[in-house]
2 protein chains.
Amino acid sequence: MSEVARPTLSDALTERMLELIRTGGHRPGDRLPSTRELSQRFAVTTPTLREALRRLEATGAIELRHGSGIYVGAAIERLVLPNPNMREIHAAQLLELLDARILIEPPLAALAAEHAGSEELAALRQTLDEAARHLRGEDAELHDANMTFHRATARLAGNSVLHEVVDSLLTVHGPEQREILQIFDDRRRDHEEHLEILAAIEARDAARAEQRMRAHLADVKTVIEHRMQPPE
Amino acid sequence: MSEVARPTLSDALTERMLELIRTGGHRPGDRLPSTRELSQRFAVTTPTLREALRRLEATGAIELRHGSGIYVGAAIERLVLPNPNMREIHAAQLLELLDARILIEPPLAALAAEHAGSEELAALRQTLDEAARHLRGEDAELHDANMTFHRATARLAGNSVLHEVVDSLLTVHGPEQREILQIFDDRRRDHEEHLEILAAIEARDAARAEQRMRAHLADVKTVIEHRMQPPE
DNA sequence: CATATCAAGTGATCTAATCACTTAACGGGC
DNA sequence: GCCCGTTAAGTGATTAGATCACTTGATATG
């Protein structure tokens, strides 16, 4: 049911291309091999290769110049994040990602307390209750249920741009990343802290909502830090 | 020299697809026509269509589910579109985008003041000086030069995730959006405020850097608001 | 009523040839 | 000698239709 979609050929290709660029020590502006050579090296046909190239182009990793060649794009140095097609995350990046969330989500919780309509709040409350019922379910479902709370809170803040940012930060990119994240999960405690945050929002207490969200994310970060490097 | 590359077929297709989704009133989660139908409707072959689809997928506008169909993605609401009719919507989105930046960038400026190495700072200073020399150049170049400052500052903060977030917020999607943005630009004042922010970072004054960045973005927002709806 | 099976519909990939564009070398004209 | 149009090689862009792989809901089965 919640099976993770198997990666497609062009998915894998996209990652291998990125790897080629990185481990090859290529810098922005460098020219890459031609499409003919690439399709041979990676043993795929032209259309498949092109799909991967278009994705990399869309994210700024490469640049395609008709009649000239394929060039490394400026974005190649900062591509770490949420790209739907690339699965790549290191534990260290996990901490950076959490720092990002600590910066963004607490103010959003405050905004949610001020702006959220009662209908939306009721829906969120219901979502949390459902999540509670899954507390003994499979790991994958549970993780998703908990993440839903953060997405929903971001939506209540009423800024679609920030909502999308948080949404992309929370998106789990592939089974590998999911596995890593679940190592650090502490579902029951998370759920309780979520309830506290929601209570603050329902009470229209912006300051408390913000503080609770910050404390919650700080907790999560602490857990990750401790589990990453056990006391020596 | 600065000739704009002639749009490729799949370039045009990408835009037409976006238009189809929007004018069709489709919402995230909605299912789109099959690849076979789309390739017929737009009179292109399968591989060409797929290139466009992969690009839209990479930006989150759509989602491809093997065996199931093509679905509208969550990002569709925020993606700016090449459609003259929707300028007001664009302007409205601009305000939300600015709110997002006001939330994220000031703390990043503070972090930059604390963490930035002197080498990186020198490079940023140089970038700004170069921008100054372009103050009479073409609009497009100038806008980019000013945006570079914000990107660079985000990078100095040392969090790659947040850097990428800011970078994506600053990315200009296509010539139409660029045009809209330039209406609101006040390059000279921007440049001066950038200098103030940089000075604060160089002085390692985190609090001042944060305050200046916040004031700067607030200024930009004020300008946009006033120009959007002139005093009645 | 629940579960297993299956068929229709859909995206993913292959094939290989041809078209369109860029670039740099070459050569004629000034 | 220098400038500029021509050209040829290399490169990305597109074509066509067939086939494979996956999802999903209807149907049959227990």
Side-chain angles (χ1 to χ4, degrees), chain A residues 1-17 20-21 24 26 29-73 84-87 140-141 174-175, chain B residues 1-17 20-21 24 26 29-73:
Chain A
M1 187 59 87
S2 67
E3 277 295 339
V4 178
R6 217 181 74 204
T8 183
L9 219 192
S10 74
D11 285 343
L13 235 196
T14 308
E15 292 180 18
R16 293 177 67 191
M17 280 288 304
L20 164 73
I21 299 173
H26 290 100
D30 286 0
R31 188 172 147 182
L32 298 173
S34 71
T35 57
R36 288 162 180 81
E37 183 171 342
L38 287 174
S39 64
Q40 279 200 13
R41 183 184 310 193
F42 292 120
V44 296
T45 57
T46 300
T48 305
L49 173 72
R50 301 203 112 256
E51 289 187 25
L53 292 179
R54 285 302 190 199
R55 289 207 272 214
L56 291 169
E57 180 200 31
T59 61
I62 65 173
E63 201 176 319
L64 298 167
R65 298 185 201 156
H66 190 171
S68 176
I70 306 169
Y71 299 83
V72 176
N85 314 304
M86 319 174 186
R87 289 181 251 114
E141 293 177 9
Chain B
M1 188 56 86
S2 69
E3 277 293 341
V4 178
R6 228 205 36 226
T8 182
L9 219 192
S10 74
D11 285 343
L13 236 195
T14 307
E15 291 184 14
R16 293 178 66 190
M17 280 286 307
L20 164 73
I21 298 173
H26 291 101
D30 286 0
R31 185 173 149 180
L32 299 173
S34 69
T35 57
R36 287 162 181 81
E37 184 171 341
L38 287 174
S39 63
Q40 278 199 12
R41 182 184 311 190
F42 292 119
V44 295
T45 56
T46 300
T48 305
L49 173 72
R50 300 205 112 254
E51 289 186 27
L53 293 178
R54 286 301 190 197
R55 287 206 272 216
L56 291 170
E57 181 200 31
T59 61
I62 65 172
E63 201 176 321
L64 298 167
R65 297 185 202 157
H66 190 170
S68 175
I70 307 170
Y71 299 82
V72 176

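Computed from a predicted structure; not experimentally measured.
- Applying the side chain to side chain contact (heavy atoms under 4.5 Å, CB included) rule to A:His66 yields no partners; only residues at least two apart in sequence or on another chain are considered.
- With sequence neighbours excluded, the residues forming a side chain to side chain contact (heavy atoms under 4.5 Å, CB included) with A:Arg65 are A:Glu63, A:Ser68, A:Tyr71, listed by chain and number.
- Looking at which nucleotide of DNA chain D each of B:Leu49 and B:Arg36 is closest to, the 5′-most match is held by B:Leu49.
- Qualifying side chain to side chain contact (heavy atoms under 4.5 Å, CB included) partners for B:Thr48, counting only residues two or more places apart in sequence or in other chains: B:Leu9, B:Ser10, B:Leu13, B:Val44, B:Thr45.
- The distance between atom CG of A:Asp11 and atom P of C:dG11, rounded to the nearest whole Å, is 16 Å.
- With sequence neighbours excluded, no residue forms a side-chain hydrogen bond (donor to acceptor under 3.5 Å, both in side chains) with A:Arg16.
- Residues satisfying the side chain to side chain contact (heavy atoms under 4.5 Å, CB included) criterion with A:Thr46, sequence neighbours excluded, are A:Arg50.
- Going from atom CZ of B:Arg65 over to atom P of D:dC22 covers 17 Å, rounded to whole Å.
- Distance, B:Phe42 CZ to D:dT15 C1': 18 Å, rounded to whole Å.
- Residues A:Thr46 and B:Thr35 both approach DNA chain C. Their nearest nucleotides, taken by heavy-atom distance, put B:Thr35 toward the 5′ side.
- At whole-Å resolution of the value, CG in B:Leu53 and C1' in C:dG11 are 10 Å apart.
- A:Leu13 has its CG atom 11 Å from the C1' atom of C:dT13, to the nearest Å.
- For the atom pair CG (A:Asp11) and CD (A:Glu51), the distance works out to 9.5 Å, reported to the nearest 0.5 Å.
- Listed nucleotides C:dT13, C:dT15, D:dT14 differ in distance to B:Glu51; the shortest reach to its side chain belongs to D:dT14.
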What nitrogen or oxygen pairs link the protein and nucleotides 4-9 of chain C at under 3.5 Å?
from  : atom 1 : to      : atom 2 : distance (Å)
C:dG9 : N2     : B:Gly67 : O      : 2.9

Given side-chain contact (heavy atoms from CB on, under 4.5 Å), test A:Leu64 with B:Thr8 step by step and report yes or no. CA-CA 11 Å; A:Leu64 298 167; B:Thr8 182; over 6 Å; no
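- OP1 or OP2 of C:dT13 sits under 4.0 Å from a side-chain N or O of A:Thr8.
- Within the 4.0 angstrom heavy-atom criterion, only backbone atoms of the sugar-phosphate kind lie near A:Ile70; the bases stay farther away.
- Rounded to whole angstrom, the span from the CG atom of B:Leu32 across to the P atom of C:dT10 amounts to 13 Å.
- Atom CG in B:Leu64 sits roughly 14 Å away from atom C1' in D:dT23 (whole-Å rounding).
- Considering only side-chain N and O atoms, B:Thr45 lies nowhere under 4.0 angstrom from the phosphate OP1 or OP2 of D:dA16.
- Residue B:Gln40 contributes atom CD, which lies 12 Å from atom P of C:dT10 at whole-angstrom precision.
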